[in-house]
Each structure stands twice: as structure tokens, then as C-alpha cells.
Amino acid sequence: MRKILFAGMAIAMMATPAFAQTYKFAVVPKAMNNPFFDVARDGCMKRAKELGNVECIYKGPIEHEPATQAQIIQDFITQKVDGLAISVADVAAMTKSIEAATAAGIPVITFDADAPGSKRIAYIGTNNKDFGLALGKQLLQLRPEGGKYAMVSGGPGAKNLAERVDGVREALKGSKWVEVAGSPTFCNDDSTLAVQQMADLRTATPDLAAIVPVGGWPMFAPEGFKAFVNKNKKDIDSGKLTLVVADTLKMQLELLRDGYSNALTGQRPFEMGEKSMDALLAIKKGEKVPEIIYTGLDLVTKDNVAKLLN
């Protein structure tokens with residue numbers, strides 16, 4: 001009788017969640033000092049908690065350093081995590097890292113920034129060409145009369161940012177907008193440097209009519225960004241200088257509401273984090289996932305910013 005009881009208890013215990021397979025999925029951003037990735041982290045953590053049998057491990061370089069990102073991924077390979085979601089800082093470096101992970105039997109997806117020629121299974125994030133097109137179209141709608149414009153980008157090796165730059169150029173092709181020499185600048189995801197580059201562009205071209213950061217970096221240093229805008233407030237208020245900025249984090253929406261930019265085009269990093277957990281879990285279960293999963297865009301001006309802040 002006791003044997004039967006113990007056998008029954010063992011079966012019952014095996015059926016409980018404590019004995020279920022728990023997966024450790026690592027999310028590796030380009031840089032941990034970029035608040036954009038904090039939102040992706042929050043989405044990852046929330047979804048992992050909801051799933052119950054998933055742990056989201058969030059770790060990347062403090063600053064934008066492709067070599068450090070590659071080393072962190074190698075450490076995760078050594079630790080034998082169950083899956084990797086990577087925002088690709090440099091395509092060439094990450095293609096090698098993804099190959100190493102795949103060879104070790106670890107499935108890899110990319111989010112935010114892709115490495116399409118690699119062995120990654122799926123990409124989750126923005127259609128970056130469409131993102132750039134949207135930024136350019138916003139500028140064209142605000143200032144159809146055109147003028148001189150410049151872009152601020154992040155890392156020169158990031159394919160997603162190159163696609164955004166191409167999209168802006170395509171949207172403005174044939175218009176009266178002309179890109180200045182030295183555009184885009186590359187801030188390597190350094191917010192303070194991005195603000196400085198905006199100031200430098202304005203100094204180099206006093207009649208610069210628009211600046212289009214293809215990522216939210218300058219606004220991620222809100223005090224510095226406000227100082228730049230305040231210095232150029234007369235031209236911004238009169239329509240001589242227009243600021244169309246990528247991303248829609250809360251601090252950016254507040255800056256737009258308060259008159260510190262003209263328009264924002266936003267991504268959905270929270271969804272990127274959520275869907276990364278879903279995709280990796282599906283892959284571990286042997287299910288097929290779409291190779292490309294787009295998370296969409298949000299177009300924001302002073303007319304609808306209050307709705308997004310609520």
C-alpha cells in the first residue's frame with residue numbers, strides 16, 4: 001500500500017510546474033545605457049513571467065561596443081543558455097557570434113537590428129526601410145518647401161540604421177530637400193554625443209532647415225536636448241528649423257508635448273521583448289516561427305501626443 005502511495009505522489013509531483021522544463025533565454029541589447037532597450041527588457045520580463053516556464057536574462061554592453069557584445073554572447077554560449085535574442089550592433093561581428101551559437105545548438109533570433117545573412121532563425125522588430133520613409137514623409141509634410149537637412153545615426157555597422165537613412169533619402173528624393181555634406185553623423189548610441197553632433201551640424205550649416213535623428217539618442221539626454229532646442233528656439237518657433245526624431249519613449253513624448261520637437265516616429269520595443277520570448281519558446285518546442293515579425297510604427301505630432309501619454 002505504501003509503495004502505491006509513494007508511486008502516486010511521485011506521479012503527482014512530476015505533473016506539477018516545479019518539474020516542468022524551464023528555459024533560460026538571453027536578451028542581448030546593443031547597449032544597456034540606451035533607454036530604448038530598457039523598454040524591450042520590460043516586455044521580455046513581463047512575458048517570461050506570464051509564460052511561467054521561461055526566464056529572461058537581460059545583459060549587454062554598457063555602451064555601444066560590438067566587441068563587448070560579441071564577448072557577452074560567447075559567455076552565454078559557454079553557459080549553454082536555451083536561446084538568444086540579439087540586437088545586432090555590427091553585422092559582421094554578430095554573424096560570427098550567431099554562427100558560433102548555432103553550432104553549439106543554441107537557437108538565435110534578432111530583435112530591433114537584424115543580421116539577415118546570418119544563421120538567425122527570425123527577426124522581430126521594425127521594418128527599418130519603412131521607418132526611414134516615415135521619418136522623411138513626416139518632414140516633407142511639415143516642410144514641403146524644403147531646405148538643407150542632416151541626419152544623426154548611431155553605429156556605422158548597424159544595418160537597421162543604414163536602412164533608416166536610406167528610407168529618409170528615398171522619401172525626400174525629388175523634393176526640395178537637400179542633404180548636407182557630413183550627413184549622417186554617427187554617435188555610436190551615445191546620447192550626449194548625439195546632442196553635440198546636432199549642435200555641430202547647426203554650426204557648420206547655419207541655414208540648416210531640419211535635423212532628423214534616425215534613433216532617439218539626443219532626446220535620451222533630455223537636459224542637453226532641451227538646451228540645444230532653447231538655443232535655437234527662435235528658429236524652431238518660426239519654422240526655420242524642424243526636428244523630426246525617431247522613437248517614442250515617454251520622455252520623448254513629454255518633450256514633444258512641451259514643444260521641444262515637431263514630430264516623432266515610434267517603434268514598439270515592449271512588443272519586441274514580448275515576442276522574442278514567444279518566438280524562442282516556440283522554437284524550443286519544435287514549432288515553426290515566421291522569419292520576419294514586424295511590430296509596427298507610431299506617428300506622433302502635437303495633435304495626438306496627449307493620447308499616447310495617457
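Every heavy atom of this structure was used, including side-chain atoms; hydrogens, water molecules and symmetry mates were not.
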Original post:
Taking all atoms of both residues into account, what is the closest heavy-atom pair of Leu201 and Met151, and its distance?
Top reply: CD1-O, 4.3 Å
**OP:** Could you grab the distance from atom CE of Met219 to atom OG1 of Thr248, nearest 0.5 Å is fine?
**Re:** 10.5 Å
Original post:
Would Glu291 and Arg120 pass as an ion pair if we require N to O under 4.0 Å?
Top reply: yes
Original post:
Would you find a donor on one side and an acceptor on the other, under 3.5 Å apart, between the side chain of Asn304 and the backbone of Lys307?
Top reply: no
Original post:
In Å and rounded to the nearest 0.5 Å, what is the CZ to CG distance from Arg164 to Leu135?
Top reply: 8.0 Å
Subject >> Side chains of Ile121 and Thr102 in contact at under 4.5 Å (non-hydrogen atoms) >> reply: no
Subject >> Validation row: Pro144, Gln141 side chains within 4.5 angstrom (heavy atoms) >> reply: no
Subject >> Closest contact, heavy atoms only, Ala246 versus Phe131 >> reply: CB-CZ, 3.5 Å
Original post:
So how far is it from Tyr294 OH to Asn128 CG, rounded to the nearest 0.5 Å?
Top reply: 8.0 Å
Original post:
Could you go step by step and tell me if Phe37 and Phe111 meet the side-chain contact (heavy atoms from CB on, under 4.5 Å) rule?
Top reply: CA-CA 10 Å; Phe37 293 112; Phe111 76 100; 4.0 Å; yes
Subject >> Presence of salt bridge, Glu287 and Lys285, under 4.0 angstrom >> reply: no
Original post:
Do NZ/NE/NH1/NH2 and the carboxylate oxygens of Arg47 and Asp278 come within less than 4.0 Å?
Top reply: yes
Subject >> Atom pair OG/CG of Ser261 and Leu256 - distance to nearest 0.5 Å >> reply: 4.0 Å
Subject >> Counterpart residues, disulfide (SG to SG under 2.5 Å), relative to Cys187 (two or more places apart) >> reply: none
**OP:** Say whether Trp217 and Asp190, considering side chains only, have a donor N or O and an acceptor N or O under 3.5 Å apart.
**Re:** no
Subject >> Atom CD of Gln79 with >12 non-hydrogen neighbours under 6.0 angstrom >> reply: yes
**OP:** Please report the closest heavy-atom contact between Lys30 and Asp189, naming both atoms and the distance.
**Re:** CD-OD2, 3.9 Å
Original post:
Taking side chain as C-beta onward, heavy atoms only, is Val88 less than 4.5 Å from Asp114?
Top reply: no
Original post:
Parallel, tilted or perpendicular for Phe228 and Phe225, by the 30°/60° rule?
Top reply: tilted
Original post:
Can Asp75 and Gln71 be counted as having a side-chain donor-acceptor contact under 3.5 angstrom?
Top reply: yes
Original post:
Glu63: what forms a side chain to side chain contact (heavy atoms under 4.5 Å, CB included) with it, not counting sequence neighbours?
Top reply: Asn33, Glu65
Subject >> Short side-chain donor-acceptor distance under 3.5 Å, Glu271 and Thr295 >> reply: no
Original post:
Below 4.0 angstrom, N of the basic side chain to O of the carboxylate: do Lys148 and Asp207 qualify?
Top reply: yes
Original post:
Of the non-hydrogen atoms in Ile283 and Pro107, which two are nearest, and what is the gap between them?
Top reply: CG2-CB, 3.7 Å
Original post:
If you round to the nearest 0.5 Å, how far is CG of Leu297 from CG of Leu299?
Top reply: 6.5 Å
**OP:** Report the C-alpha separation of Val212 and Val152 in whole Å, then their side-chain angles, then the decisive distance to 0.1 Å, and conclude whether the side-chain contact (heavy atoms from CB on, under 4.5 Å) test is met.
**Re:** CA-CA 6 Å; Val212 183; Val152 176; over 6 Å; no
**OP:** Tell me, with the steps shown, if Tyr149 and Leu172 meet side-chain contact (heavy atoms from CB on, under 4.5 Å).
**Re:** CA-CA 10 Å; Tyr149 79 96; Leu172 298 177; 3.6 Å; yes
**OP:** For the pair Glu145 and Lys176, evaluate side-chain contact (heavy atoms from CB on, under 4.5 Å) and give the outcome as yes or no after the intermediate values.
**Re:** CA-CA 6 Å; Glu145 72 275 15; Lys176 295 179 181 179; 5.7 Å; no
Original post:
What distance separates Ile73 CD1 from Leu84 CG, expressed to the nearest 0.5 Å?
Top reply: 6.5 Å
Original post:
Looking only at heavy atoms, what is the nearest atom pair of Leu161 and Gly155, with distance?
Top reply: CD1-N, 3.5 Å
**OP:** Go through the steps to decide whether Asn53 and Gln21 satisfy the test side chain to side chain donor-acceptor pair (under 3.5 Å), and finish with yes or no.
**Re:** CA-CA 7 Å; Asn53 62 335; Gln21 172 72 60; over 6 Å; no
Original post:
Do you know the tightest heavy-atom contact between Val289 and Ala282?
Top reply: CG1-CB, 3.7 Å
**OP:** With Tyr260 as reference, evaluate Gln252, Glu254, Lys226 under the side chain to side chain contact (heavy atoms under 4.5 Å, CB included) test and give the passing residue.
**Re:** Lys226
Original post:
Is a salt bridge present between Lys46 and Glu274, judged by a nitrogen-to-oxygen distance below 4.0 Å?
Top reply: yes
